Amino acid sequence: MTARVALVTGGGRGIGRAIAEAFAEEGLAIAVAARTAGQVEETAAAIRRHGSRALALKLDVTDADAIARVVAEVTTSLGPVDVLVNNAGVAEAAPLARTDLALWQRHLGVNVTGPFLLTRQVLPGMLERGWGRVINVASLAGLLGAPYVSAYTASKHALVGLTRALAAEVGAKGVTVNAICPGYVATDMVWNGARNIVAKTGRSFDEAVEAMAKTNAGGRLIEPGEVAAAAVRCVRDGSLNGETVVLDGTQPRTQETRS
């Protein structure tokens with residue numbers, strides 16, 4: 001893997017940072033991209049401490065021109081992108097009656113169009129080299145329904161559909177495409193959701209977090225390191241293609257999956 005280059009979006013914190021650091025431990029060179037420059041700089045610094053090459057980039061995944069510039073910069077600085085992790089995402093809750101067009105389009109833009117644009121940018125090079133990995137960080141919401149998150153759920157269903165369609169298209173050409181579908185993960189997204197529950201219901205913060213954790217089949221929050229371990233498996237195992245890797249807390253924690 002030491003000759004491979006990965007691009008991880010949403011790499012400044014949470015799941016993205018965990019994946020980037022796990023890839024660094026595998027010896028990959030890592031480009032981390034997000035809208036917050038300071039956070040990706042911190043992630044890149046941590047990767048360099050692992051002894052791997054790293055590049056920090058500011059990126060809005062809905063901007064096609066910016067994506068082209070970022071991929072060109074990665075190619076020049078580290079080499080062509082062999083592994084793409086589409087992790088950048090947005091999640092907002094609202095009943096359908098209060099889901100306005102801007103909220104709907106924001107979810108589709110970041111959660112679906114961004115992965116489409118990024119994948120389209122790097123896929124030709126992967127196909128030309130006969131090797132590539134595309135990993136889409138989706139959600140259990142991409143496989144199931146949930147109230148008050150119609151825009152988020154629709155966008156993640158679309159991302160799973162994109163994964164399956166592209167896997168069928170390129171799987172025989174040395175490129176695999178998989179989706180990781182975690183339940184609630186111990187990240188800022190959950191903490192922010194818990195604060196919203198507190199504001200609306202009067203529950204304590206701990207009670208709100210516990211309620212969210214209990215919606216996972218295993219009754220606990222997923223750790224970012226567990227998602228990272230699944231991403232590493234998607235890179236290592238070329239037989240995985242078109243899969244939706246479910247992380248719902250029922251899997252035992254192992255040394256590999258601890259963050």
Side-chain angles (χ1 to χ4, degrees), residues 8-10 14-16 19 33-35 59-64 66-67 84-121 123 134-170 177-197 200 208 211-217 221-222 224 227 230-231 234 241-249:
V8 181
T9 67
I15 291 172
I19 290 174
R35 288 179 295 180
L59 176 65
D60 176 352
V61 299
T62 66
D63 185 336
I67 286 171
L84 171 65
V85 179
N86 289 308
N87 171 67
V90 62
E92 300 172 62
L96 185 64
R98 294 209 302 269
T99 299
D100 60 21
L101 184 59
L103 186 151
W104 177 265
Q105 291 180 332
R106 187 160 54 248
H107 282 75
L108 294 180
V110 175
N111 295 349
V112 187
T113 303
F116 158 73
L117 291 171
L118 279 151
T119 304
R120 190 179 62 171
Q121 189 69 38
L123 185 62
V134 177
I135 302 167
N136 295 319
V137 179
S139 168
L140 282 181
L143 303 173
L144 308 169
Y148 307 115
V149 286
S150 55
Y152 178 76
T153 299
S155 68
K156 292 300 186 179
H157 270 72
L159 184 58
V160 168
L162 175 63
T163 300
R164 289 170 170 164
L166 187 56
E169 183 176 325
V170 302
V177 188
N178 293 289
I180 302 174
C181 298
Y184 284 114
V185 183
T187 64
D188 287 347
M189 192 174 288
V190 163
W191 314 142
N192 291 336
R195 293 185 190 99
N196 289 335
I197 292 172
K200 292 177 181 178
M212 297 171 80
K214 284 183 176 178
T215 66
N216 290 339
L221 294 179
I222 313 303
V227 186
C234 289
N241 187 45
E243 296 293 326
T244 50
V245 182
V246 171
L247 300 176
D248 59 7

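The structure displayed is predicted, hence computed values, not measured ones. FYI, the numbering just counts along the sequence from 1.
Summarising the geometry, atom NZ belonging to K214 is positioned 12.0 Å from atom CG belonging to L221; distances are rounded to the nearest 0.5 Å. For the atom pair CG of L103 and OG of S150, the computed distance is 8.0 Å after rounding to the nearest 0.5 Å. Here the CD-CZ distance, from Q121 to F116, works out to 10.5 Å after rounding to the nearest 0.5 Å. In this structure, L144 CG and D248 CG are separated by 9.5 Å, a value rounded to the nearest 0.5 Å. The CG atom of N216 sits 7.0 Å away from the CG atom of L140 when rounded to the nearest 0.5 Å. Going from atom OG1 of T9 over to atom CG of L84 covers 7.0 Å, rounded to the nearest 0.5 Å.
Residues L143 and V246 are in side-chain contact: their nearest non-hydrogen atoms beyond the backbone lie under 4.5 Å apart. In this structure, the side chains of Y184 and I222 stay at 4.5 Å or more apart for every pair of heavy atoms. Counting only heavy atoms from C-beta outward, the side chains of R120 and I67 never approach each other to under 4.5 Å. Between L247 and I180, some side-chain heavy-atom pair lies under the 4.5 Å cut-off. A heavy-atom distance below 4.5 Å is found between the side chains of S139 and Y152. In this structure the side chain of T113 never reaches within 4.5 angstrom of the side chain of T62, judged on heavy atoms. Side-chain contact between V170 and L166 is present, with heavy atoms from C-beta onward closer than 4.5 Å. Between M212 and I197, the closest side-chain pair of non-hydrogen atoms falls below 4.5 Å.
The two atoms that bring A138 and V160 nearest to each other are CB-CG2, 4.0 Å, heavy atoms only. Heavy-atom minimum distance, P224 versus T187: CG-CG2, 4.1 Å. In terms of heavy atoms, W104 sits closest to A154 at CH2-CB, 3.7 Å.
The environment of R106 atom CZ is dense: over 12 non-hydrogen atoms of other residues, nucleotides or ligands sit within 6.0 angstrom.
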Under the side-chain contact (heavy atoms from CB on, under 4.5 Å) rule, what do L108 and Q105 come out as? Steps first, then yes or no, please. CA-CA 5 Å; L108 294 180; Q105 291 180 332; 5.7 Å; no
Could you give me the CA-CA distance, side-chain angles and deciding distance for T244 and R164, then say whether side-chain contact (heavy atoms from CB on, under 4.5 Å) is met? CA-CA 9 Å; T244 50; R164 289 170 170 164; 3.7 Å; yes
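Not a single donor-acceptor pair under 3.5 Å links the side chain of K156 to the backbone N or O of V112. In terms of modelled atom types and a separation under 3.5 Å, the side chain of N241 and the main chain of V177 share a donor-acceptor contact.
When each of N111, T119, T163, N87 is paired with N136, the side-chain hydrogen bond (donor to acceptor under 3.5 Å, both in side chains) condition holds for T163 and for no other.
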